[in-house]
Amino acid sequence: ETGVTQSPTHLIKTRGQQVTLRCSSQSGHNTVSWYQQALGQGPQFIFQYYREEENGRGNFPPRFSGLQFPNYSSELNVNALELDDSALYLCASSQGTSGRTDTQYFGPGTRLTVL
Amino acid sequence: TQLLEQSPQFLSIQEGENLTVYCNSSSVFSSLQWYRQEPGEGPVLLVTVVTGGEVKKLKRLTFQFGDARKDSSLHITAAQPGDTGLYLCAGDRGSTLGRLYFGRGTQLTVWP
């Protein structure tokens, strides 16, 4: 039990639609990172938010966007869904000023299927 | 292209056997972490190694960080069915971002 929750657990969308995934971090954790884990792959870094500002981004297009709120919740939004977006989306929260070397606590993930 | 290469990708063994999983890279990491992931769940941190040459033990699991901080290994002694899961290595390159680079994982199945 990491204290990080995600919703929904599963989601099915069709190509071109938009989706919002939600994450609730551990209380006091100022940093949240989002990862995409395709089937048979390790998680890939999407972006990180620190105190409601994007703090860095991986190799993902702008249609992947996020928000972080003062109540330790955050969102991942994906526009114009493509079939390759089908994956497990993980959020991870960490304490500290930048997330550097801090332990990241992962949520259970949201399984997104795009048809 | 994965920054961290894990091998083997799949491992199927009998209870009581020993096994080693490898995590290799041409890049240097400030720290390297090992996670275990069960189906339908997120990765759970097992250990973090920080110093080159460091060895950490967690019951029957032994983790080693290479001297050059480019590789790591996970050794399990006398594997049990409860060890079944996906083992992931992840490296931190020491930027202020704290971004983790994951390997593809090793799916371990231990048969009774």
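Letters A, B, ... mirror the listed sequences (proteins, then strands); counts begin at 1. A quick note: this is a predicted structure, and the numbers were derived from the prediction, not measured.
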Item checked: Segment of A:Tyr105 engaging chain B (4.5 angstrom heavy-atom cut-off) -> neither
Notebook entry, point to check: Which residues, numbered in order, of residues 100-107 of chain B come under 4.5 angstrom of chain A by heavy-atom distance?
Noted result: B:Leu100, B:Phe102, B:Gly103, B:Arg104
Item checked: Enclosure of B:Tyr22 OH (heavy-atom neighbours >12, cutoff 6.0 Å) -> no
Note to self: Does A:Arg15 have more than 12 heavy atoms from other residues, nucleotides or ligands lying within 6.0 Å of its CZ?
What the structure shows: no
Item checked: Heavy-atom proximity to chain A below 4.5 Å, by part of B:Leu4 -> neither
Check: Same hydrophobic cluster for A:Phe45 and A:Leu21, using side-chain heavy-atom links shorter than 4.5 Å among ILVMFWY?
Finding: no
Next item on the list: Determine, using the 4.5 Å side-chain heavy-atom cutoff (strictly less than), whether A:Tyr89 and A:Val4 are members of one ILVMFWY cluster.
Entry: no
Margin query: Count I, L, V, M, F, W, Y as connected when their side-chain heavy atoms are under 4.5 Å apart, and connections chain through other members. Are A:Leu81 and A:Leu90 then in the same cluster?
Written below: no
Margin query: Would a single hydrophobic cluster contain both B:Leu108 and B:Val21, if residues Ile, Leu, Val, Met, Phe, Trp and Tyr are joined by side-chain heavy-atom contacts under 4.5 Å?
Written below: yes
Notebook entry, point to check: Same cluster for B:Leu58 and B:Ile76 if Ile/Leu/Val/Met/Phe/Trp/Tyr side chains link at under 4.5 Å?
Noted result: yes
Next item on the list: State whether the number of non-hydrogen atoms from other residues, nucleotides or ligands found under 6.0 Å of A:Asn71 atom CG is greater than 12.
Entry: yes
Notebook entry, point to check: Which region of B:Gln37, side chain (C-beta onward) or backbone (N, CA, C, O), has a non-hydrogen atom less than 4.5 Å from a non-hydrogen atom of chain A, or is it both or neither?
Noted result: side chain
Next item on the list: Kindly indicate whether the side chain of A:Asn55, heavy atoms from C-beta on, has any atom under 4.5 Å from the side chain of B:Arg99.
Entry: no
Checklist line | A:Gln37 portion near chain B, given a 4.5 angstrom heavy-atom threshold | finding: side chain
Item checked: Residues, nucleotides or ligands: over 12 heavy atoms within 6.0 Å of A:Leu39 CG -> no
Item checked: Heavy-atom pair count under 4.5 Å with chain B, highest-scoring of A:Gly109, A:Gly58, A:Gly107, A:Pro43 -> A:Pro43
Next item on the list: Using a heavy-atom cutoff of under 4.5 Å, enumerate the residues of residues 41-49 of chain B that contact chain A, numbered in order, or state 'none'.
Entry: B:Glu41, B:Gly42, B:Pro43, B:Leu45
